[in-house]
Amino acid sequence: MTLPATLDEAVAALAAMPAAVPVAGGTDLMASVNSGQLRPAALVGLGRISEIRGWQYQDGHALLGAGLTHARMGRPDFAALIPALAAAARAAGPPQIRNAGTLGGNIASAAPTGDALPVLAALEAVLIVAGPGGARREVPVSHLLAGMEMLRPGELIGFVRVPLLHAPQVFLKATGRTGPGRAVASVALVLDPARRGVRCAVGAIAPMPLRPLEAEEWVASLIDWDGERGSLVPEAVHAFGEYVAAACIPEQPPAADGTEQPLPPAVLHLRRTVAALARRALGRALS
Ligand SMILES: Cc1cc2nc3c(=O)[nH]c(=O)nc-3n(C[C@H](O)[C@H](O)[C@H](O)COP(=O)(O)OP(=O)(O)OC[C@H]3O[C@@H](n4cnc5c(N)ncnc54)[C@H](O)[C@@H]3O)c2cc1C
């Protein structure tokens, strides 16, 4: 395994060995190797690249290194900056996974159950991607997750730019039997007082996080941004949960003869879970 010391050295190593695969914490990659799904010809380890293991401030934003581990993001100093991402990091698997697994690996794996992903979608985060010859380009996380843009061969996620909103944000996750601590549904919700916005993303129920844009706009219009944010009536908080769930898991279209088609029980249960998570997330953010 090659162990470069800088991002550009890592990109150069990948260019020199096109069959090599980058590895950060190895929690996802080694699972694929161990199950025989992947046989990389060579590995480029990212664990010694100190420039991507911390964060820095940039014009009201934080530039997060892709090598930040879940354990690091879960600490109080990080939680004070980006509370929802810290909450997602604290919920990401057992301690040994959180100690090794990284932000960049979570994004590149793009698993529906990736806990950081709905938070990054709600924050409208942008990736700084490193390419050959010191090149850097920006890719919205949502574009990558939707398949609208891809990492080109030899490119690496270097940093993730997220806005510092200085307002409540919440991440909640429901787990089931899909694996150790993996989400069956999750909700990230952030308040953006400067833009008078509420942004919400639902994770794990689809290949990529879903944004219920109309529900966001509707609830943002009800909030008293200049006064008591917490004055929203409970009925509105409840309705927001239902609105989010209906946007993400719509009713079945009627049958050809016009009769209503109920959702299968498992889907109905998931819909109720999403509604409850969204309702609680909004309630906590406004309280
Ligand atoms: C038992 C278990 C439980 C888990 N539970 C959870 C959970 O609850 N929540 C959750 O979100 N995840 C969970 N995971 C998944 C995993 O830990 C995370 O997705 C983790 O963040 C992956 O990071 P990594 O550094 O280990 O990635 P790696 O395994 O090193 O890499 C994963 C993929 O990303 C690529 N990659 C890594 N870094 C970069 C980069 N900088 N640029 C481009 N490509 C890159 C690699 O080439 C590889 O394809 C779990 C995994 C296990 C094994």
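Only heavy atoms go into these numbers, but all of them, side chains included; no hydrogens, no water, no symmetry mates. Atoms within each ligand, like the ligands themselves, are counted from 1 in listed order.
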Ligand 1 and [X], any nitrogen or oxygen pair closer than 3.5 angstrom?
X	result
E155	no
G101	no
A24	yes
V21	no
P94	no
A108	no

Are F159 and W55 an aromatic pair, judged by ring center distance below 6.0 Å? no
If hydrogens are left out, which of A31, G104, G93 has an atom nearest to atom 8 (O) of ligand 1, that is, the closest non-hydrogen atom? G93
Nearest heavy atom to atom 17 (O) of ligand 1: which of T27, I157, T113 does it belong to? T27
Under a 4.5 Å cut-off applied to non-hydrogen side-chain atoms, are L68 and I52 in contact? no
Are any of the side-chain heavy atoms of T2 and L43 separated by less than 4.5 Å? no
Under 4.0 Å from ligand 1, counting heavy atoms only, is it the side chain of A111, its backbone, both or neither? neither
Could you tell me if any non-hydrogen atom of [X] lies under 4.0 Å from any atom of ligand 1?
X	result
K173	yes
G158	no
H70	yes

Any chain of hydrophobic side-chain contacts (each under 4.5 Å) joining L270 to L117? no
Is it true that atom CZ of R136 has more than 12 heavy atoms of other residues, nucleotides or ligands lying nearer than 6.0 Å? yes
Carboxylate-amine/guanidinium contact R161 E124, below 4.0 Å: no
Using 4.0 Å as the upper bound for N to carboxylate O, is an ion pair formed by E251 and R271? yes
Treating R279 as the side-chain partner and G241 as the backbone partner, does any N or O pair qualify as donor plus acceptor under 3.5 Å? no
